[in-house]
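Letters A, B, ... mirror the listed sequences (proteins, then strands); counts begin at 1.
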Protein chains: 2
Amino acid sequence: MSGTHKPVPRIDTSHEHCRAIAETLDRIGDKWTVLAVGVLEQGPLRYNEVRRSISGISQRMLTLTLKNLERDGLVTRTMYATIPPRVDYELTELGRNLLVPLRSLREWAVRHRPAMLAARKRFADKGRSARFGQRAL
Amino acid sequence: MSGTHKPVPRIDTSHEHCRAIAETLDRIGDKWTVLAVGVLEQGPLRYNEVRRSISGISQRMLTLTLKNLERDGLVTRTMYATIPPRVDYELTELGRNLLVPLRSLREWAVRHRPAMLAARKRFADKGRSARFGQRAL
DNA sequence: CTGAATCCACCAAGATACTG
DNA sequence: CAGTATCTTGGTGGATTCAG
């Protein structure tokens with residue numbers, strides 16, 4: 001292990017790291033993926049159980065979201081040839097690993113998102129007052 | 001106040017966390033935001049420095065991305081009325097805080113994304129063999 | 001140099017209806 | 001119950017041009 005005690009001293013040798021993040025975000029940054037992962041956190045669910053757990057999702061988008069999660073090895077899909085048919089979805093190890101950065105993101109959202117929204121509001125107000133010559137609306 | 005005192009204080013107690021994540025992802029999950037934050041990690045940069053640091057970005061998208069970051073209090077925008085004009089962008093405290101979950105995401109990407117891509121490939125191959133009657137292509 | 005403005009292509013995602 | 005198939009649309013982002 002030659003001399004180097006810490007193999008990760010520098011964070012950003014180039015922006016290929018950023019690209020890795022961006023690509024990951026491109027995958028999980030759609031409208032429903034993290035919600036699906038979230039509701040599956042507690043354990044396996046049937047198709048319609050997932051559906052009911054994510055209010056507002058359409059059948060089409062749920063099917064697409066789950067299929068993509070299965071394709072990427074983040075959830076398993078288990079069919080039971082019963083009548084009526086039954087399909088269970090469950091997070092894989094890989095999928096559960098994803099919960100770690102998601103929790104980190106949640107942590108940021110809980111702690112700092114209010115400040116962000118406040119800044120957004122200030123920005124909007126500033127823009128409005130500028131457009132109306134510094135006069136309150 | 002007849003009967004109904006509280007319309008509905010709790011919307012989704014367990015999954016509102018997922019919504020918070022989803023909303024955050026909706027904000028930073030676009031094509032360029034994390035890349036911009038990433039290149040600004042090392043310190044303030046001028047407009048064209050950022051531009052050159054993010055290969056492939058158009059003027060329009062860079063301007064939009066930076067403006068949104070400024071609006072949400074994640075970066076500061078400092079104009080110098082010189083000729084030629086100069087504008088510096090720099091991460092705020094809020095913006096630097098965002099680096100924490102982003103690093104967590106990068107950690108996942110580095111460690112687990114190869115497995116995800118492998119699963120995706122297996123899935124594609126499986127689909128192909130299925131469509132061609134179990135025969136290798 | 002640092003943008004703003006305009007036009008346009010593409011695709012994610014919703015609505016709806018149908019199927020095994 | 002667990003999906004597919006088809007159509008439609010709003011928004012994201014690219015290319016180009018104009019401006020202070």
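- Whole-Å rounding puts the B/Leu69 CG to C/dG3 P distance at 13 Å.
- In the set C/dG3, D/dG13, D/dA2, D/dA2 carries the atom at the smallest distance from any side-chain atom of A/Arg86.
- In this structure, B/Arg51 contributes its side chain and B/Ile57 its backbone to a donor-acceptor pair below 3.5 Å.
- Here the shortest heavy-atom pairing between B/Val110 and B/Pro114 reads O-CD, 3.7 Å.
- Per the geometry, CG belonging to A/Leu64 stands 13 Å off C1' belonging to D/dT6, to the nearest Å.
- In the model, A/Thr78 has no side-chain atom that pairs as donor or acceptor with a side-chain atom of A/Tyr89 under 3.5 Å.
- In this structure, B/Tyr80 places its OH atom 18 Å from C1' of C/dG3, rounding to the nearest Å.
- Taking atom CG of residue B/Leu45 and atom P of nucleotide C/dT2, one finds them 11 Å apart after rounding to whole Å.
- For A/Arg46, counting side-chain heavy atoms from C-beta on, the closest listed nucleotide (D/dA2, C/dA13, C/dG3) is D/dA2.
- The NZ-C1' distance, from B/Lys31 to C/dA9, rounds to 13 Å in whole Å.
- As rounded to whole Å, 12 Å separates atom C1' of D/dT12 from atom CG of B/Asn68.
- Salt bridge status for A/Glu93 with A/Arg96: present, with a side-chain N to carboxylate O gap under 4.0 Å.
- Taking atom OH of A/Tyr89 as the reference point, atom C1' of D/dC1 lies 11 Å away to the nearest angstrom.
- Nearest nucleotide to the A/Pro85 side chain, out of C/dG20, D/dG20, D/dG13: C/dG20.
- As rounded to whole Å, 10 Å separates atom P of D/dG13 from atom CD1 of B/Ile57.
- Among D/dT4, C/dC1, C/dG3, the nucleotide with an atom closest to any side-chain atom of A/Gln59 is D/dT4.
- In this structure, A/Lys67 does not reach the D/dG3 phosphate: none of its side-chain N or O atoms is under 4.0 Å from OP1 or OP2.
- Nearest to the side-chain atoms of B/Trp32 among the listed nucleotides D/dG13, C/dG14, C/dC1 stands D/dG13.
- Closest approach to the A/Pro84 side chain among D/dC1, C/dT2, C/dA13 is made by D/dC1 (side chain taken as heavy atoms from C-beta onward).
- Taking the nucleotide of DNA chain C with the nearest heavy atom to each of B/Arg52 and B/Thr63, the more 5' of the two is matched to B/Arg52.
- Picking from D/dG3, D/dT6, C/dG3 the nucleotide with the shortest atom distance to the side chain of A/Arg60 gives D/dT6.
- In the model, B/Ser55 has a side-chain atom that pairs as donor or acceptor with a side-chain atom of A/Arg19 under 3.5 Å.
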